[in-house]
Trainee: 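Got a structure for you, questions after.
Computed from a predicted model, the values in this text were never measured in an experiment. Sequence lines set the chain letters: A, B, ... in the order given, protein chains first and strands last, and positions in each chain run from 1.
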Number of protein chains: 2
Amino acid sequence: MRGGAITDLRNKIIHASLHLFEEHGYHGVTVKQIVETVGTSKGGFYHHFTSKDELLFVIHDTFITYVLEKATTANATYTSPTKRLQAIIKSFVKVFDLYKPHISVFYQESNYLKGKYESLIKCKRDQFKKIIFDVVNEGKKCGEFRESLSAEIASMAILGMVNWTYKWYKQSGEKSIDEIGDIFVDLILRAILSNDPTFSNEYHEFILG
Amino acid sequence: MRGGAITDLRNKIIHASLHLFEEHGYHGVTVKQIVETVGTSKGGFYHHFTSKDELLFVIHDTFITYVLEKATTANATYTSPTKRLQAIIKSFVKVFDLYKPHISVFYQESNYLKGKYESLIKCKRDQFKKIIFDVVNEGKKCGEFRESLSAEIASMAILGMVNWTYKWYKQSGEKSIDEIGDIFVDLILRAILSNDPTFSNEYHEFILG
DNA sequence: AAAATTAGACCGACTGGTTGGTCTGTTCAA
DNA sequence: TTGAACAGACCAACCAGTCGGTCTAATTTT
């Protein structure tokens, strides 16, 4: 039996590291701690990873790759910028349930990535930003979003609002991740939708009444 | 001549550490590096700080203390929640020009604070959150903000949007920090202001036109 | 005023403990 | 018999923090 099994040592290491990194930070966790948590040895660890740095990279990469794919799919599913943005945000927010520890590590420890690892992640991260930015810009062009909107700032505002969720979201919290996603979409659309009735659509009517 | 001088070794150390930490992270910078950058020695460093941890704390504390004071002042200056929120956001965003490195360290390295340092910072941080939360709640109560608004999620959305600025803001950028602040206020007010004409005020007219 | 004393600021070699990573095995399934 | 998977003792490098000592300027004593 090769790869894939949930009980693979490799996956166990990643899983354990994720939670350790999330709580104590990358430099707050030693390889010794990781292997002891998993119940393996230095040998086991370095059989599957060339370095501690590579482990950090793998965690980053699995997350950003997943998110990027989801955003691309959401983007391809719709044509209207409003619907696209809504789908992207909702799909991204949903990731918090699955990848909370990945996300924490992604945003807390990314500046410890070095060399090629850093470039590889930066590239994908920029792709994701570009998707948001393009949608906002497209929305302005076709009149669904306000013309006066600064696409750059609005994009970063959206990203910030959504990304920041990793700092406070708890699965045990009052609101489900789906509800939070809906609230975010509501807030964002209210903030950026055009008031011009010429371009009004179902969202305008629903949200702006 | 005692204390205060800009050339004080203590201040020099803080200043240099700020930039080193911002770029390489707390654990990515050694005390040796710090003292070499400043042009002092281990002795000089440990004469002014009891530990590297204390230096990290001092950086956190000067920033959060400043922000908290600004928010309190802004809060005391106005009574209407809309004006209050606007003032708080604008004053907070302005801090980015003065305290950018502090903020980066604050959000990137805070989970390396230990023991009493951690509790002290957490306390002030919670106070700041509470100020935002209370304003939003007050706004709902008096009808200026939408009744359907979730105060918790909206507060965190606002905080996220604003806090995230540290990830992308450059002084050399296209927009000044003042313009960014105005855009944020605009986005936020559009998202949360009530549509009920009964409570409409100058901001409703200005923004929702 | 000159000498003696004190105290704070700063220096830098040194240390004890830790850490990421290596290397020589051992196990076991194919 | 072969090689992938794993074990764990070991190591060189590093790092936060220490400690005895120096320099200087203020303060006290004579």
Trainee: Taking only heavy atoms on the protein side, list every residue of residues 31-55 of chain A lying under 4.0 Å from any atom of DNA chain C, sorted numerically.
Mentor: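 The stretch gives A:Val31, A:Lys42, A:Tyr46, A:Ser51, A:Lys52 as the residues lying under 4.0 Å from the strand, ordered by number.
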Trainee: Between A:Asp8 (CG) and D:dA4 (C1'), how many Å, whole number?
Mentor: 13 Å
Trainee: May I have the distance from B:Ile13 (atom CD1) to C:dC11 (atom C1'), rounded to whole angstrom?
Mentor: 13 Å
Trainee: Should the ring pair A:Phe45 and A:Phe49 be called parallel, tilted or perpendicular, given that the plane angle runs from 0 to 90° and is split at 30 and 60?
Mentor: tilted
Trainee: Report yes if the distance between the aromatic ring centroids of A:Phe128 and A:Phe92 is under 6.0 Å, otherwise no.
Mentor: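 Yes; A:Phe92 has its ring centre under 6.0 Å from that of A:Phe128.
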Trainee: Would you check if the distance from the ring center of A:Tyr166 to the ring center of A:Phe96 is below 6.0 Å?
Mentor: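 Ring-ring flag for A:Tyr166/A:Phe96: false, centres at least 6.0 Å apart.
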Trainee: I would like to know whether B:Ser41 and B:Val35 meet side-chain contact (heavy atoms from CB on, under 4.5 Å); could you show each step before the answer?
Mentor: CA-CA 5 Å; B:Ser41 63; B:Val35 299; 5.5 Å; no
Trainee: I need the NZ-P distance between B:Lys114 and D:dA16, as an integer number of Å.
Mentor: 15 Å
Trainee: Distance check needed: C:dG20 C1' versus B:His27 NE2, whole Å only.
Mentor: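 Result: 15 Å.
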Trainee: Write down the atom of A:Glu179, the atom of A:Glu174, and the distance for their closest heavy-atom approach.
Mentor: OE1-O, 4.3 Å
Trainee: What about B:Tyr107 and A:Tyr107, are their ring centers closer than 6.0 Å?
Mentor: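 No - the distance between ring centres of B:Tyr107 and A:Tyr107 does not fall below the 6.0 Å cut-off.
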